[in-house]
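First the structure, in the form of structure tokens, and then the observations on it.
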Amino acid sequence: MSQTIVNPKKGYRLSVRSLFAWRVAQISVWLVGACILYCLLFYPRIGLLLFWNILIPVAPALLVVFTGLWRNICPLATTNLLPRHMGLSKGKKLTAKQSGILNLLGVIALFAIVPLRHAIFNTSGVATASLIMTLVLVGIVSGLFYEWKSVWCSGLCPIHPVEKLYGGNVLMAVPNAHCTNCMNCVVPCPDSTVTTHPVSSGKTIYQRLSMFLITGGLPGFIWGWFQVHDEQKAGLNILFVAVYKMPLIGLAFTLTVFLISNAIINRKFEKKLVNFFAAAGVSCYYWFRIPALLGFGKSGSEGLLINLRGTLPLWGTELLAGAAAAFFFYWLVARKQNNKSWLLRPPFAIKKQRLKPGITV
């Protein structure tokens with residue numbers, strides 16, 4: 001039987017003090033998530049405010065600038081990887097085809113879940129809590145059977161496709177606070193591959209399809225989502241058509257534009273094109289989200305964090321939204337690629353073969 005050892009010449013290993021600090025951060029964020037979940041169940045107005053109007057609006061900007069930080073402290077990731085940290089995972093590995101299928105399912109899950117916010121999740125704390133608990137359960141089960149981040153964090157998680165799209169030019173790489181050794185559970189590893197990008201992970205047809213859908217479709221999908229209001233009075237069939245119609249129309253339009261553009265441009269500009277669509281998506285999100293958070297949304301109190309309608313002029317919110325768009329286009333498109341991965345790769349785990357008796361090294 002072979003045993004696994006660490007090659008000390010490769011990879012970055014955290015010091016005990018740094019690892020302790022990351023564990024404190026992970027536990028703290030996990031407890032915040034648990035408190036939000038508790039509020040969603042028992043104090044839904046507070047829980048919905050904390051989750052949809054504070055946590056979620058911060059997430060896109062964090063993914064653009066500091067994807068690795070989020071990958072280290074995400075409470076769902078902490079829960080998913082707990083079996084591995086406790087030595088309870090069977091450590092199964094996926095094939096490239098299986099990883100590609102999971103990537104595609106993650107994109108489909110994103111496009112399927114987000115429109116349901118207008119139908120269910122934006123106004124129901126119990127429904128939102130049930131969604132979160134379902135994702136947690138999927139993460140725990142996958143962590144019990146499969147190696148490190150292969151199934152959930154780098155596959156099924158609906159946020160992961162957005163991480164890959166937005167995280168193409170991060171501020172800096174930080175140490176990997178979860179993976180003590182690199183087991184090559186995902187190839188290429190989204191955490192440790194320089195300038196992780198949807199284009200860089202298109203090894204299978206499923207991964208390429210995922211890349212096209214998330215890159216080309218997300219800007220229009222976001223635009224379409226903001227054209228729909230929260231509605232619970234209509235019949236179920238009419239309601240689902242209403243919440244999916246505009247996002248899917250927008251997705252189809254920008255996806256078509258992306259496919260045509262990608263077909264005619266020089267290959268060396270492909271990543272720049274992807275970055276442009278990434279900037280368009282996150283800019284579109286904040287163009288609508290910032291006014292809504294401050295009381296200037298088109299649909300009254302939907303998405304409201306603090307009402308500044310009587311204090312801040314409308315042009316003030318438009319200026320903030322415009323500044324956000326300018327920042328994201330600069331950061332993702334105009335700014336020079338700094339060739340940083342999200343996280344520093346930990347030492348590789350290598351196999352030490354059993355030696356025959358009498359042979360020394």
Side-chain angles (χ1 to χ4, degrees), residues 59-71 100 103-104 106-107 110-111 154 159-174 186-224 250-289 321-343 345:
L62 180 60
L63 296 183
V64 170
V65 178
F66 230 150
T67 315
L69 174 62
W70 174 247
R71 296 278 289 183
N103 288 160
L104 181 57
V107 174
L110 174 70
F111 290 147
S154 300
I159 303 301
H160 181 55
V162 185
E163 292 173 343
K164 288 203 291 187
L165 180 61
Y166 288 173
N169 200 16
V170 294
L171 176 64
M172 61 181 293
V174 296
V186 181
V187 181
C189 172
D191 285 321
S192 304
T193 302
V194 173
T195 59
T196 292
H197 214 280
V199 173
S200 69
S201 57
K203 298 185 67 175
T204 69
I205 187 173
Y206 305 103
Q207 290 167 327
R208 290 193 292 272
L209 183 56
S210 301
M211 185 274 285
F212 287 130
L213 282 174
I214 194 66
T215 304
L218 189 62
F221 180 83
I222 293 172
W223 174 86
L251 183 153
F253 176 78
T254 55
L255 176 59
T256 301
V257 173
F258 175 75
L259 291 174
I260 294 173
S261 302
N262 193 57
I264 62 178
I265 65 167
N266 190 298
R267 289 300 95 191
K268 67 179 181 179
F269 296 118
E270 186 176 37
K271 285 191 176 181
K272 186 68 73 173
L273 177 66
V274 172
N275 283 338
F276 179 87
F277 272 76
V282 68
S283 297
C284 182
Y285 175 80
Y286 283 109
W287 179 261
F288 290 102
R289 201 68 183 92
F327 169 77
F328 290 121
F329 273 97
Y330 160 73
W331 190 270
L332 290 168
V333 183
R335 178 170 165 262
K336 183 180 179 181
Q337 289 286 314
N338 60 12
N339 296 323
K340 298 289 185 182
S341 60
W342 298 341
L343 300 172
R345 189 187 295 272

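Along the sequence shown, the residues carry numbers beginning at 1. What you see is a predicted model, and the numbers here were worked out from it, not measured in a lab.
- Across Leu165 and Ile214, no two heavy atoms sit closer than the pair CD2-O, 3.6 Å.
- Annotation: side chain of Leu213 is in contact with side chain of Leu104 (closest heavy-atom distance under 4.5 Å).
- Partners of Ile260 under the side chain to side chain contact (heavy atoms under 4.5 Å, CB included) rule, at least two apart in sequence or in another chain, are Thr256.
- Residue Arg345 holds its CZ atom at 9.0 Å from CG of Asp191, rounded to the nearest 0.5 Å.
- Counting all heavy atoms, side chain and backbone alike, Tyr166 lies closest to Gly281 at OH-C, 3.5 Å.
- Taking both residues in full, the closest heavy atoms of Leu110 and Leu218 are given as CD2-CD1, 4.4 Å, listed atom of the first, atom of the second, then distance.
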For residues 326-334, tabulate all N or O donor-acceptor pairs below 3.5 Å that involve a side-chain atom, not counting sequence neighbours.
{"unit_1": "Trp331", "atom_1": "NE1", "unit_2": "Val64", "atom_2": "O", "d": "3.4"}
{"unit_1": "Trp331", "atom_1": "NE1", "unit_2": "Asn169", "atom_2": "O", "d": "2.9"}

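- In the displayed structure, Phe111 atom CZ is contacted under 6.0 Å by more than 12 heavy atoms of other residues, nucleotides or ligands.
- When side chains are defined from C-beta on, Lys272 does not count as touching Ile265, because their heavy atoms never get closer than 4.5 Å.
- Ala173 meets the side chain to side chain contact (heavy atoms under 4.5 Å, CB included) test with Ser341, Leu344; sequence neighbours excluded.
- For the residue pair Gly250 and Trp223, the shortest heavy atom distance occurs at CA-CE3, 4.4 Å.
- Summarising the geometry of Pro219 relative to Gly216, their closest heavy-atom pair is CD-O, 3.7 Å, with the distance given to 0.1 Å.
- Listed by chain and number, the residues in a ring-ring contact (aromatic ring centres under 6.0 Å, His included) with Phe66 amount to none (sequence neighbours excluded).
- In this view, Thr254 satisfies the side chain to side chain donor-acceptor pair (under 3.5 Å) rule with no residue, not counting sequence neighbours.
- To the nearest 0.5 Å, the span separating CZ on Phe221 from SG on Cys284 amounts to 11.5 Å.
- Between Asn262 and Thr215 the shortest side-chain heavy-atom distance does not fall below 4.5 Å.
- Annotation: side chain to side chain contact (heavy atoms under 4.5 Å, CB included) contacts of Val170 (sequence neighbours excluded): Thr67, Lys340, Trp342.
- Taking the ring-ring contact (aromatic ring centres under 6.0 Å, His included) definition, one finds that Phe258 meets it with Phe277, sequence neighbours left out.
- Under the ring-ring contact (aromatic ring centres under 6.0 Å, His included) criterion, Phe253 pairs with no residue at all, not counting sequence neighbours.
- The two residues Asn275 and Gln337 come nearest to each other via the heavy atoms ND2-NE2, 3.0 Å.
- In this view, Ser154 and Arg71, Lys149, His160, Val186, Pro190 satisfy the side chain to side chain contact (heavy atoms under 4.5 Å, CB included) rule, not counting sequence neighbours.
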